[in-house]
> 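Have a look at this one before I ask anything.
In what follows, chains carry the letters A, B, and so on, assigned in the order in which the sequence lines appear, proteins first and then strands, with residues in each chain numbered from 1. Note that these values count all heavy atoms, side chains included, but never hydrogens, waters or copies made by symmetry.
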Number of protein chains: 2
Amino acid sequence: MGRSRTRARVTLSDVAAESGVSTITVSRALREPHRVSAPLRERIDAAVEALGYVPNLAAQALASQHTNVIGVLIPSVTNNVFSDLLSAIYDTVSHTRFQIQLANTQYSVSEEEKLVRIFLNQRPAGLVVTGIDQSAACRQLLSEANCPVIQIMETAPDPIDMMVGFSHYDGAARAARHLIEKGYRRIGFIGARMDPRTQRRMEGCLSVLDAFGMLDRDLVSTTEEISSVNLGAAMLGALVDRRPDLDAVFTNNDDLALGALFECQRRAIAVPDALGICGFNDLEMVRASAPSLTSVDTRRGEMGQRAMTMLMDAIEGKRPQKRVVDLSSTVIARQSTARGTRDDPAR
Amino acid sequence: MGRSRTRARVTLSDVAAESGVSTITVSRALREPHRVSAPLRERIDAAVEALGYVPNLAAQALASQHTNVIGVLIPSVTNNVFSDLLSAIYDTVSHTRFQIQLANTQYSVSEEEKLVRIFLNQRPAGLVVTGIDQSAACRQLLSEANCPVIQIMETAPDPIDMMVGFSHYDGAARAARHLIEKGYRRIGFIGARMDPRTQRRMEGCLSVLDAFGMLDRDLVSTTEEISSVNLGAAMLGALVDRRPDLDAVFTNNDDLALGALFECQRRAIAVPDALGICGFNDLEMVRASAPSLTSVDTRRGEMGQRAMTMLMDAIEGKRPQKRVVDLSSTVIARQSTARGTRDDPAR
DNA sequence: ATGAACAATGACAGCGCTATCACTGTCAAG
DNA sequence: CTTGACAGTGATAGCGCTGTCATTGTTCAT
């Protein structure tokens with residue numbers, strides 16, 4: 001196919017020859033400019049520019065025994081929740097010396113452990129892992145790692161190293177309390193995939209319902225299927241068919257909530273008067289719907305940003321005062337739960 | 001913070017010592033097992049297992065002058081369109097020897113060029129770039145690269161190397177024709193961000209309207225802002241305020257389409273009878289809405305899968321018969337454009 | 001004047017692996 | 001019984017960079 005085989009790689013010693021110094025001086029000029037005299041530095045910079053030198057990361061890593069790679073382990077690249085997070089992570093890291101290396105655990109603890117093992121062997125500068133449900137061996141590996149590690153998305157009292165997140169249990173509990181305050185009484189729960197975080201949300205919701213004497217297990221609908229808008233519609237439809245007396249539903253996430261809303265529109269179930277809907281995550285789109293959807297804001301952008309800042313500081317040796325940052329979460333009340341106050345302007 | 005400093009790295013020579021062979025034999029046993037006798041291979045495998053040996057990728061890369069890294073350059077990690085694509089890419093590559101290294105061009109041609117330069121210097125096994133709008137220097141770099149390169153998302157007659165995508169112009173043209181066939185006459189266009197692909201969609205749409213003598217520039221609404229559901233609602237609202245006679249709208253993507261639908265619901269504009277809506281990309285959620293939204297299916301999952309298969313084959317030396325794969329695109333007609341046939345079941 | 005302290009630069013070894021070539025033994029063909 | 005082919009294994013030399021220590025000059029307090 002005529003793909004050219006030749007491509008002269010410019011190495012450090014080419015730059016050194018061009019600027020008439022030793023390789024180590026070029027190396028220093030690039031990494032610790034203040035340790036090299038101004039005239040040399042200028043000559044070297046000019047040579048780098050002229051030759052189009054780009055460092056060989058493999059050689060750097062091998063010689064220095066460390067990299068500028070920050071490994072990020074997330075369960076899914078498709079989920080909207082993680083794309084918001086990722087976008088904040090990339091933004092925070094761009095224009096620093098660090099690079100992101102993303103990996104996908106597919107919600108599997110063993111896959112996660114395997115990936116951690118691979119990552120650690122490449123001596124990353126730092127590691128970001130999702131959640132608190134690592135395998136014992138994985139926790140062990142991470143706590144013995146000689147780089148900072150940060151767990152995101154959740155908080156718990158026993159961080160491996162550092163942590164930025166919020167309590168899914170509490171967030172869902174707030175949502176349940178909100179529905180109760182708004183006057184709903186027969187409150188259902190719809191959940192999909194049922195990974196550990198999803199489960200803790202369910203528990204948070206059900207515990208509040210229980211405390212108010214409103215827990216009705218028959219109004220709880222869960223599935224192992226992957227969450228989607230269509231699934232939300234189907235699950236709400238099935239739940240309403242079985243229990244026409246349902247008067248509100250808390251869904252595990254906003255995709256399900258949106259699906260539930262669509263199904264209500266299709267069946268001419270009045271939201272919020274006949275049925276209240278509360279989602280989770282506060283994705284961009286739930287503010288736009290008609291009626292707009294109440295949801296729990298989980299500040300994923302801030303989470304990504306804080307996590308990367310803490311991690312990069314730790315890599316630089318600046319350990320945080322608090323190892324666990326709890327970002328909390330807030331119910332954003334909108335039209336879908338504004339019972340009897342249909343005219344309220346959204347937010 | 002008591003993070004352990006010690007972590008014995010197991011190297012090839014540890015494995016060699018353990019199994020009583022030379023390092024090169026271990027190296028071969030791992031990479032080309034058939035070139036090593038069965039008994040040795042078993043001893044070596046056992047030693048690898050016992051010691052928990054994990055290869056050092058930096059050393060491998062440095063010594064062999066190539067890596068198993070496939071670089072993937074996409075404009076945005078947040079956009080739903082790219083998350084579908086990414087998910088297919090990760091799935092296709094998992095359980096092969098290749099690893100994905102993702103980078104983010106932020107819709108910037110110069111950022112893309114910079115990233116290509118960095119990638120190429122790390123001698124990737126292959127490279128995936130988005131679209132056909134690289135800078136001249138970037139095209140030059142890529143065509144001189146000594147690894148296969150595949151452009152995705154779009155097709156054009158002059159691939160740098162290989163290509164998998166579809167014509168955005170044609171896809172949008174099909175959408176416009178669909179609206180005309182359905183009897184709409186005052187058809188508007190709503191577009192956001194207006195990157196090159198978005199622009200070609202606009203051109204495809206407008207050229208058809210023009211051919212039918214229906215082009216009205218006053219019904220075209222575009223913005224540089226980032227696309228979102230809320231933006232779609234706002235833009236549709238503004239367009240309808242200005243031109244109440246609008247009877248259909250083609251939006252650049254499904255986020256905008258969904259926003260437009262919500263705005264119609266808010267204003268009690270009957271969709272599809274008073275206003276037809278057609279989106280682009282056929283995201284999962286547009287099938288769920290009420291009414292369901294007509295959209296253009298762009299087969300992103302298949303695109304990601306085909307692209308990675310072609311790329312990996314090319315890396316292995318199996319060049320494809322056709323260098324350009326056009327996946328085409330299809331209008332998926334749903335309720336939002338089913339004028340006068342409101343009762344039609346949605347797909 | 002003297003040496004201590006320090007800034008600026010370089011020589012050299014080696015990170016962990018693989019490419020290359022050399023070596024040994026086995027076996028079939030002549 | 002030689003020869004050549006070949007399968008199986010090893011010795012050696014780097015890949016491109018950085019850590020470490022050595023060397024040179026300069027400045028400053030004594």
> Could you run down nucleotides 8-24 of chain D 5' to 3' and tag each one B, S or - for protein heavy-atom contact under 4.0 Å?
SBBB--BBBBBB-----
> Checking B:Arg299 side chain against B:Leu327 main chain: does a donor-acceptor pair fall under 3.5 Å?
yes
> With distance as the sole test, does A:Thr67 use its side chain to make a donor-acceptor pair with the main-chain N or O of A:Ala61 at under 3.5 Å?
no
> For A:Val21, does its backbone N or O pair with a side-chain atom of A:Ser19 as donor and acceptor, under 3.5 Å?
no
> List, one per line, each side-chain donor-acceptor pair under 3.5 Å for residues 29-37 of chain B, sequence neighbours excluded.
unit_1, atom_1, unit_2, atom_2, d
B:Arg31, NE, B:Ser27, O, 3.3
B:Arg31, NE, B:Ser27, OG, 3.2
B:Arg31, NH2, B:Ser27, OG, 2.9

> Give a yes or no answer on whether the side chain of B:Glu154 reaches the backbone of B:Arg197 with a donor-acceptor pair at less than 3.5 Å.
no
> Between the opening five pairs and the closing five pairs of the helix from C:dA1-D:dT30 to C:dG30-D:dC1, how far apart are the helix axes, to 10°?
40°
> Taking all heavy atoms of A:Ile160 and all of A:Gln134, pick out the closest pair and write down the distance.
CD1-OE1, 4.1 Å
> Examine distances only and state if a side-chain atom of A:Gln101 and a backbone atom of B:Ile100 form a donor-acceptor pair shorter than 3.5 Å.
yes
